[in-house]
Amino acid sequence: MPVSISTAPTSAATSPITQAEIFDSHLGGKLNIETTMPLDSKRALSIAYTPGVAQVSRAIAEDPSKHATHTWASRLVAVVSDGTAVLGLGDIGAAASLPVMEGKSALFREFGGLNSIPLVLDTTDVDEIVETLVRLRPSFGAVNLEDIAAPRCFELEQRLIEALDCPVMHDDQHGTAVVVLAALTNAAKVTGKAFGDLRVVVAGAGAAGIAITEILLARGIGDVILTDSRGTIHRDRDDLNQIKAHYAARTNGENVIGGMREALEGADAVIGVSSAKIAEEDLARMNDDAIVFALSNPDPEVMPDVAAQYAAVVATGRSDFPNQINNVLAFPGIFRGALDSGARRITPAMKIAAAEAIAALVEDKLSAGFIVPSPLDPRVAEAVACAVAEVAANDPDA
């Protein structure tokens, strides 16, 4: 039976949000299944279900391509999590992660026009997750991985990309990276700095930090220094896992050794994606017209009013400050563009195209306080989807 997921309409907040309002709004969950055709007569029932549906099933058995056109699978995104890295809550388990995954599915519907089903799996075993999704593959058209802890998330995403013939993306990695690239592109324009000449410090070497580093390198940033809880990631460290060792060989060209103080010396931009704080005195070591993205939520690495004393452009992950770096600017349009184009993969070129589309939407009003569009801007998903689909049509890896 044709179905779609619907979300209840929302209105702008007019007063502080109360705990009672939050819990009442989540009572019974945030999603419903609704039919896309009336079932108000015997004729309608005969078309939607038996005996009519048997003709469609028989046709799909004879011609598998009809699975894409006569079921909802080709427009359905599975939002998958094991609950090990949920928001700022950490490893809270699959059941506790479900409200977040329901919310993600609601965002897919609201901003991307895509159906979405949250699937939380009560296992952290990569083999088991891959096997589960391979067996479920006929039920969906794409996989959005969500809130899965690093470094396991890197292996899981790659394994699923290889195992499934459909788009797969870990949004905590690549959605964040795409929006950061868009914001940094425009921040460089505001400050008059050449994008390729920027020296960028990425504070945090988890899922988001690694993906940000990768997309910046792909886009031609000249110098990136990646840091973790033990300081800069450099070629002389003997405590790096395989992922960090890979980036030690590709970043930090001057092999800067030390902590945030040393990393920020002469830096043009810092992108915070960890819970570590950035000291005010360390910001003072950055170049003039610096760029500070303090993206941890709810507590930024440095508060915007402090950062603004040393930086020309400041962004956070919060909605109550200017320049919110919000993944909803990226993932609905990326998945829709991939599905619209029939892509089997979401490639680096498609992600860069998404970032360029986001950045272009603010060109006419670009300023230090407006480097990315609002998450509620209705133009965003359509622009991103079109850009991604156009690239996918000509990308042999898609």
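The basis for the numbers below is simple: all heavy atoms, side chains too, and nothing from hydrogens, waters or symmetry mates.
Rounded to the nearest 0.5 angstrom, Leu119 CG and Asn144 CG are separated by 11.0 Å. Of the inter-residue distances, the one linking Leu98 atom CG with Lys104 atom NZ reads 14.5 Å to the nearest 0.5 angstrom. If you take CG on Asp91 and CG on Asp147, they are separated by 11.0 Å, rounding to the nearest 0.5 Å. Rounding to the nearest 0.5 Å gives a distance of 11.0 Å between CG of Asn252 and OG1 of Thr213. Rounded to the nearest 0.5 angstrom, Ile257 CD1 and Thr232 OG1 are separated by 6.5 Å. Atom CD1 of Ile278 sits about 6.5 Å away from atom CG of Leu264, to the nearest 0.5 Å.
For Asp395 and Thr347, the side-chain atoms include at least one donor-acceptor pair closer than 3.5 Å. In this structure, a donor-acceptor pair under 3.5 Å is absent between the side chains of Glu34 and Asn32. With no hydrogens or angles considered, no side-chain donor-acceptor pair links Ser319 and Gln324 at under 3.5 Å. Using modelled atom types and a 3.5 Å distance limit, the side chains of Thr176 and Asn327 yield a donor-acceptor pair.
For the pair Val273 and Leu295, the tightest heavy-atom approach, listed with the atom from each and the gap, is CG1-CD1, 4.1 Å. Heavy atoms only, all atoms of each residue included: Gly141 and Leu339 are closest at O-CD2, 3.5 Å. For the residue pair Ala398 and Ala343, the shortest heavy atom distance occurs at CB-CB, 4.1 Å. Of all non-hydrogen atoms in Leu114 and Arg75, the two that sit nearest each other are CD2-NH2, 3.5 Å. Smallest separation of non-hydrogen atoms from Arg199 and Ala263: NH2-O, 4.0 Å. Of all the heavy atoms in Met286 and Val292, the pair that sits closest is SD-CG2, 4.3 Å.
For the pairing with Arg152, the side chain to side chain donor-acceptor pair (under 3.5 Å) check across Thr124, Asp125, Asp82 returns one residue only, Asp82.
Counting heavy atoms from C-beta outward, Lys30 and Pro99 have side chains that approach closer than 4.5 Å. For the pair Lys277/Met260, no side-chain contact is recorded, criterion being any heavy-atom separation below 4.5 Å from C-beta on. Looking at Phe111 and Val380, their side chains never come closer than 4.5 Å, going by heavy atoms from C-beta outward. The side-chain heavy atoms of His234 and Ile225, taken from C-beta on, include no pair separated by under 4.5 Å. For the pair Phe335 and Val388, the minimum side-chain heavy-atom distance is 4.5 Å or more. Looking only at side-chain heavy atoms (C-beta outward), Arg237 and Asp228 come within less than 4.5 Å of each other.
By the 4.0 Å N-to-carboxylate-O rule, Asp239 lies close enough to Arg230 to be salt-bridged with it. In this structure, Asp282 pairs ionically with Arg261, as a charged nitrogen and a carboxylate oxygen lie closer than 4.0 Å. Taking the charged nitrogens against the carboxylate oxygens, Arg135 and Glu131 do have a contact shorter than 4.0 Å, which makes a salt bridge. Salt-bridge annotation for Glu214 and Arg250: present, with a side-chain N of the basic residue lying under 4.0 Å from a carboxylate O of the acidic one.
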(request) Please test Ile148 against Asp172 for side-chain contact (heavy atoms from CB on, under 4.5 Å), starting from the C-alpha separation and ending with a verdict. (result) CA-CA 8 Å; Ile148 297 171; Asp172 300 314; 5.8 Å; no
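Heavy atoms from other residues, nucleotides or ligands lying under 6.0 Å from CD of Gln242 number 12 at most. Applying the 6.0 Å contact sphere to CD of Glu390 captures no more than 12 heavy atoms from other residues, nucleotides or ligands. Dense packing is recorded around CG of Asp165, with more than 12 heavy atoms of other residues, nucleotides or ligands lying under 6.0 Å away. When the shell of 6.0 Å around CD of Glu254 is examined, it contains 12 or fewer heavy atoms from other residues, nucleotides or ligands. Surrounding CD of Gln19 are at most 12 heavy atoms belonging to other residues, nucleotides or ligands under 6.0 Å away.
Checked against the 6.0 Å centroid criterion, the rings of Phe108 and Phe331 qualify as a close aromatic pair.
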